[in-house]
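Letters A, B, ... are given to chains in the order of the sequence lines, protein chains preceding strands, and every chain is numbered from 1.
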Protein chains: 2
Amino acid sequence: MYERKIEENLDCGIYVASRVFGGKWKCCILDAINRGIARPVDICNYISEASKRVIEIQLAELLFFGIIEKCAEDTYPKKSAYTLSEVGKTILPILSQMDEWGLSHSGFIKERQKGIQVS
Amino acid sequence: MYERKIEENLDCGIYVASRVFGGKWKCCILDAINRGIARPVDICNYISEASKRVIEIQLAELLFFGIIEKCAEDTYPKKSAYTLSEVGKTILPILSQMDEWGLSHSGFIKERQKGIQVS
DNA sequence: CATTATACCGAATCTTTCTTCGGTTATTGT
DNA sequence: ACAATAACCGAAGAAAGATTCGGTATAATG
């Protein structure tokens with residue numbers, strides 16, 4: 001976790017949302033957990049492009065914000081297992097909407113990106 | 001605009017979405033334009049916390065992606081004016097959803113942030 | 001009981017993004 | 001014509017975020 005130098009504006013809802021489930025991998029992590037991939041190792045394997053460390057950090061953050069829960073009731077796993085909290089589940093519809101939007105416009109965006117290494 | 005060193009995964013809808021309207025200020029810019037704040041100066045004043053430069057850059061990016069349009073038909077303004085494109089308008093419901101989510105959970109998040117300068 | 005796997009953590013480094021600052025060009029208003 | 005304002009750009013550097021690497025502790029396995 002990082003020390004901020006510039007104050008945040010938590011009065012903007014969009015800012016709060018991107019604070020909580022923005023970032024490069026948090027959505028993927030939530031998606032994984034929602035699919036029942038509960039243990040850190042499994043999440044890391046599922047999102048193999050991401051570094052192990054960032055998944056650890058973001059799991060900790062999601063836990064901190066109460067978006068996910070760490071369960072002791074280890075049915076299958078050996079140790080840690082995460083599930084979505086009630087609050088966490090309220091994020092899912094937003095994620096699907098974003099995913100849907102992105103997928104239906106990805107061709108268009110890819111076209112624009114072609115031959116362009118900048119953004 | 002910045003030169004990327006790591007390739008992007010445009011096959012993930014969420015990634016595409018955050019590529020197009022993620023970032024620190026793009027949502028605010030879209031919100032401003034949606035409210036009829038059309039000219040760059042006015043947008044800068046509306047989002048006074050953001051630097052002028054980043055608004056210029058992100059306006060250019062939104063224009064590049066076809067999310068906004070630059071209009072020559074200057075009714076009121078002296079020079080540039082931006083409006084949401086048809087594609088741009090499809091983003092609005094997602095923004096409201098995010099805003100709504102953020103606002104209804106901001107108290108909770110603020111509480112967690114208290115006395116903590118990290119995230 | 002030694003080995004292995006898992007869950008974490010800290011620090012250094014690197015990439016991406018944002019900000020600051022100093023420009024140029026063109027339009028507006030007097 | 002001349003200042004003032006607006007739009008836009010480039011480059012340097014700061015800040016945020018991600019990655020890499022090397023740890024410790026503890027639980028599972030043979």
Side-chain angles (χ1 to χ4, degrees), chain A residues 1-9 15 18-29 33 37-64 68-72 74-82 113 116-119, chain B residues 1-9 15 18-29 33 37-64 68-72 74-82 113 116-119:
Chain A
M1 313 201 180
Y2 319 101
E3 185 170 339
R4 322 200 109 269
K5 305 204 171 173
I6 294 176
E7 231 201 307
E8 313 189 80
N9 179 12
Y15 190 84
S18 74
R19 192 87 205 74
V20 173
F21 57 90
K24 197 168 176 184
W25 301 111
K26 272 186 194 156
C27 292
C28 303
I29 293 174
I33 294 177
I37 300 168
R39 297 181 51 220
V41 221
D42 297 332
I43 297 172
C44 286
N45 290 334
Y46 184 69
I47 313 171
S48 54
E49 313 95 45
S51 68
K52 198 169 143 290
R53 187 70 180 106
V54 85
I55 291 181
E56 289 165 0
I57 290 172
Q58 302 202 345
L59 277 174
E61 233 177 277
L62 290 167
L63 189 61
F64 176 75
I68 59 176
E69 281 160 356
K70 195 193 249 183
C71 21
D74 296 10
T75 53
Y76 130 75
K78 305 150 197 174
K79 277 173 79 183
S80 312
Y82 294 92
Q113 294 274 43
I116 303 168
Q117 255 58 260
V118 293
S119 58
Chain B
M1 311 200 180
Y2 318 100
E3 186 169 341
R4 325 201 107 267
K5 306 204 170 173
I6 294 177
E7 231 200 308
E8 313 189 81
N9 179 13
Y15 190 84
S18 73
R19 192 86 205 74
V20 174
F21 56 91
K24 198 167 174 186
W25 302 112
K26 271 185 194 158
C27 292
C28 301
I29 293 174
I33 294 177
I37 300 169
R39 297 180 52 219
V41 221
D42 297 332
I43 296 172
C44 287
N45 291 333
Y46 184 68
I47 313 171
S48 55
E49 313 94 42
S51 68
K52 197 168 145 288
R53 188 74 181 100
V54 84
I55 291 181
E56 290 165 1
I57 290 172
Q58 301 200 343
L59 278 173
E61 233 177 275
L62 289 167
L63 188 62
F64 175 77
I68 59 176
E69 282 160 357
K70 197 193 249 183
C71 22
D74 296 10
T75 53
Y76 130 78
K78 303 149 198 180
K79 280 174 78 182
S80 313
Y82 294 92
Q113 294 274 44
I116 303 166
Q117 256 59 259
V118 294
S119 58

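- As a whole-Å value, the separation of B:Ile55 CD1 from C:dT17 C1' is 15 Å.
- Closest approach to the B:Lys24 side chain among C:dT19, C:dT6, D:dA15 is made by C:dT19 (side chain taken as heavy atoms from C-beta onward).
- The nucleotide whose nearest atom lies closest to any side-chain atom of B:Trp25 is, among D:dA18, C:dT19, D:dA7, C:dT19.
- When the nucleotides D:dA7, C:dA7, C:dT19 are ranked by their closest atom to the side chain of A:Val41, C:dA7 comes out on top.
- Mapping A:Tyr82 and B:Ser51 onto DNA chain C via the closest heavy atom, the residue that lands nearer the 5' end is A:Tyr82.
- The two residues B:Lys26 and B:Leu62 have their closest heavy-atom pair at CD-CD2, 3.9 Å.
- The shortest non-hydrogen separation linking A:Leu59 to A:Ile43 is CD2-CD1, 4.2 Å.
- For B:Ile29 and D:dC8, the CD1 to P distance is 12 Å, given to the nearest whole Å.
- Note on A:Gln58: a side-chain N or O is less than 4.0 Å away from OP1 or OP2 of D:dA18.
- With sequence neighbours excluded, no residue forms a side chain to side chain contact (heavy atoms under 4.5 Å, CB included) with B:Glu7.
- Side-chain nitrogen and oxygen atoms of B:Lys70 include at least one within less than 4.0 Å of the OP1 or OP2 phosphate oxygen of D:dC8.
- DNA chain C is contacted by both A:Leu59 and B:Gly23; A:Leu59 maps to the nucleotide lying nearer its 5′ end (nearest heavy atom per residue).
- In this structure B:Glu56 satisfies the side chain to side chain donor-acceptor pair (under 3.5 Å) test together with B:Lys52, B:Arg53, sequence neighbours excluded.
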Protein-nucleic acid N or O pairs under 3.5 Å, nucleotides 9-11 of chain C:
residue, atom, partner, partner atom, Å
C:dG10, N7, A:Arg53, NE, 3.3
C:dG10, N7, A:Arg53, NH2, 2.8
C:dG10, O6, A:Arg53, NE, 2.9

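- Between the C1' atom of C:dT17 and the CZ atom of B:Arg19 lies a distance of 10 Å, rounded to the nearest Å.
- Minimum atom distance to the side chain of B:Ile6 is reached by C:dT16, of the listed C:dC8, C:dT16, D:dA6.
- For B:Ser80 and D:dC8, the shortest distance from a side-chain N or O to OP1 or OP2 is below 4.0 Å.
- Scanning for ring-ring contact (aromatic ring centres under 6.0 Å, His included) contacts around B:Tyr82 gives an empty result, with sequence neighbours left out.
- Residues forming a side chain to side chain donor-acceptor pair (under 3.5 Å) with B:Lys24 (at least two apart in sequence, or on another chain): none.
- Checking D:dC8, C:dT6, C:dT17 against the side-chain heavy atoms of B:Arg4 singles out C:dT17 as nearest.
- Here the side chains of A:Asn45 and A:Ile37 are not in contact, with every heavy-atom distance at 4.5 Å or above.
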